[in-house]
Visitor: 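The structure follows.
Per chain, numbering begins at 1; letters A, B, ... match sequence-line order. The analysis underlying the following values was restricted to heavy atoms, covering all of them including side chains, and did not include hydrogens, waters or symmetry mates.
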Number of protein chains: 2
Amino acid sequence: MDLFVSKYINKIDKKGRVSLPSSFRNVLPKANRNEIILYKSIKTPSIEGCGIGRLEEIAKRINNLDFFSEDYDDFSTSIFSEIITTNIDKEGRFLIPEELKLYAGIKTEAAFFGQGHYFQIWEPNKGLKNTEDSRRRLLKEKKSLRMMLTQQK
Amino acid sequence: MDLFVSKYINKIDKKGRVSLPSSFRNVLPKANRNEIILYKSIKTPSIEGCGIGRLEEIAKRINNLDFFSEDYDDFSTSIFSEIITTNIDKEGRFLIPEELKLYAGIKTEAAFFGQGHYFQIWEPNKGLKNTEDSRRRLLKEKKSLRMMLTQQK
DNA sequence: TGGGATTATATGGGCGTCAATGGGTATATC
DNA sequence: GATATACCCATTGACGCCCATATAATCCCA
């Protein structure tokens, strides 16, 4: 499985360490299994994360923008300076930077939600509520959801 | 990781020394890990820096501008003639030239912002405000910051 | 197939190393 | 000699590495 799926709630210890769920670790490429990137989610009070391979793709994309445009600086600043790389120790744990914990309201526990090619980290209660809300919103759009799920090809 | 990412705020001591963040030092090629170049940012009151290897890349960027335009001379002059090389000591610290400190309004603390292939040094408050402004511009103009971050391939 | 043995995961804690910072002193530049 | 800069050493706190334990999952064999 090469996608981040399922959800897990792990504890943050006194040193601030938290285990990246084992199944998430296995999604990371063997070459860079000890480093991930984290950044503030744009739409929600949560942290998003993924392997560093993605960072190179992002860099490439930004490089294609006009270097002397204002957009270039805006993207470059909003992305590169806001992305945080963090190391995963031998036991599969990492540190969530204080600023990101504040942003997500995380204190003693972190809820990991697989999102396919990336994952989100939430304060557990907020995360669960967000899941319910998402589902509720989807069901309201019953028709389109059914189409999406059952449509062939 | 071969990109400048994240942000750090370091102190400038009485002698004017400031630590280049460890993760930034690691981006510099092992061959020239004790030397960086600094220059005034064209668009913002900040200092930009990178390894000396990037000089060629900067030259290329400028060359892509219309040679006969006013911009060409302006960029060429304001960047190349203003580039300053500075050495990094054994502890990873360097001196920010007085002229550049003045330009950026830096006094006792320097904020380092990763920008991918280069980095910026700001007076901390100005730098943080700039980050907010950048993000606000992107979101308001619906430029797809989210796409940039999550898009596949 | 049941139950003990082995392995993996999440978690806790000790300790050495490194990064950031401060300061003394030698060397150099003028 | 005065100022600036590089090298050396010291301190502090954070982080990485190592080891240990508990619980859960898996395996293995009679």
Visitor: Could you tell me the separation between the NZ atom of A:Lys129 and the CD atom of A:Glu123, rounded to the nearest 0.5 Å?
Guide: 12.0 Å

Visitor: For DNA chain D, determine which residues of residues 93-107 of chain A have any heavy atom closer than 4.0 angstrom to one of its atoms, and list them numerically.
Guide: A:Arg93, A:Leu95

Visitor: When the nearest nucleotide of DNA chain C is assigned to A:Arg17 and to A:Pro21 on a heavy-atom basis, which residue is associated with the more 5' position?
Guide: A:Pro21

Visitor: For A:Phe112 and C:dT9, what is the distance between atoms CZ and C1' respectively, to the nearest whole Å?
Guide: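 Between C1' of C:dT9 and CZ of A:Phe112: 14 Å.
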
Visitor: Do B:Ser134 and B:Thr131 have a side chain donor and acceptor closer than 3.5 Å?
Guide: no

Visitor: Check the distance between D:dA4's C1' and B:Asn87's CG and give it to me in whole angstrom.
Guide: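 Rounded to the whole Å, the gap is 14 Å.
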
Visitor: Inspect the contact between A:Arg17 and A:Glu91 and indicate whether a charged nitrogen and a carboxylate oxygen are less than 4.0 angstrom apart.
Guide: no

Visitor: Determine whether the aromatic ring centres of residues B:Phe24 and B:Phe119 are separated by less than 6.0 angstrom.
Guide: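 Between B:Phe119 and B:Phe24, the centre distance is under 6.0 Å.
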
Visitor: Does D:dA6 have OP1 or OP2 sitting under 4.0 Å from an N or O in the side chain of B:Lys90?
Guide: no

Visitor: Would you say that more than 12 heavy atoms from the other residues, nucleotides or ligands in this model lie under 6.0 Å from the NZ of B:Lys40, or not?
Guide: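 Result for NZ/B:Lys40: enclosed.
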
Visitor: May I ask you to decide whether A:Glu109 forms a salt bridge with A:Lys11, counting only side-chain N to carboxylate O separations under 4.0 Å?
Guide: no

Visitor: Expressed in angstrom and rounded to an integer, what is the separation of B:Glu91 atom CD from D:dC8 atom C1'?
Guide: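 Interatomic distance, CD of B:Glu91 to C1' of D:dC8: 7 Å.
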
Visitor: Verify whether the ring centers belonging to A:Tyr72 and A:Phe67 lie closer than 6.0 Å.
Guide: yes

Visitor: Please classify the nucleic acid contact of A:Ser19 as base, sugar-phosphate, or nothing, using heavy-atom distances under 4.0 Å.
Guide: base

Visitor: Side chains of B:Asn10 and B:Leu20: closer than 4.5 Å at any heavy-atom pair?
Guide: no

Visitor: Is B:Glu56 paired with B:Lys60 through a side-chain N to carboxylate O contact shorter than 4.0 Å?
Guide: no

Visitor: So what does B:Ile88 touch, heavy atoms closer than 4.0 Å: a base, only the sugar-phosphate, or nothing?
Guide: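 Since no nucleic acid heavy atom lies under 4.0 Å of B:Ile88, the category is nothing.
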
Visitor: Expressed in angstrom and rounded to an integer, what is the separation of B:Ile12 atom CD1 from D:dT5 atom P?
Guide: 14 Å

Visitor: I need the CG-C1' distance between A:Asn34 and D:dC17, as an integer number of Å.
Guide: 13 Å

Visitor: Do any N or O atoms of the protein come closer than 3.5 Å to N or O atoms of nucleotides 25-29 of chain C, and which pairs are they?
Guide:
none

Visitor: Would you kindly give the CG-to-C1' distance between B:Asp13 and D:dC7, to the nearest whole Å?
Guide: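 The answer, rounded to whole Å, is 14 Å.
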
Visitor: Looking at A:Arg25, I'd like to know whether one of its side-chain N or O atoms comes within less than 4.0 Å of OP1 or OP2 on C:dA8.
Guide: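 Looking at the OP1 and OP2 atoms of C:dA8, neither is under 4.0 Å from any side-chain N or O of A:Arg25.
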
Visitor: Rounded to whole Å, how long is the line connecting atom CD1 of B:Ile84 with atom P of D:dT5?
Guide: 12 Å

Visitor: Rounding to a whole Å, what distance do you find between B:Asp89:CG and C:dA20:P?
Guide: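 From B:Asp89 CG to C:dA20 P: 12 Å.
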
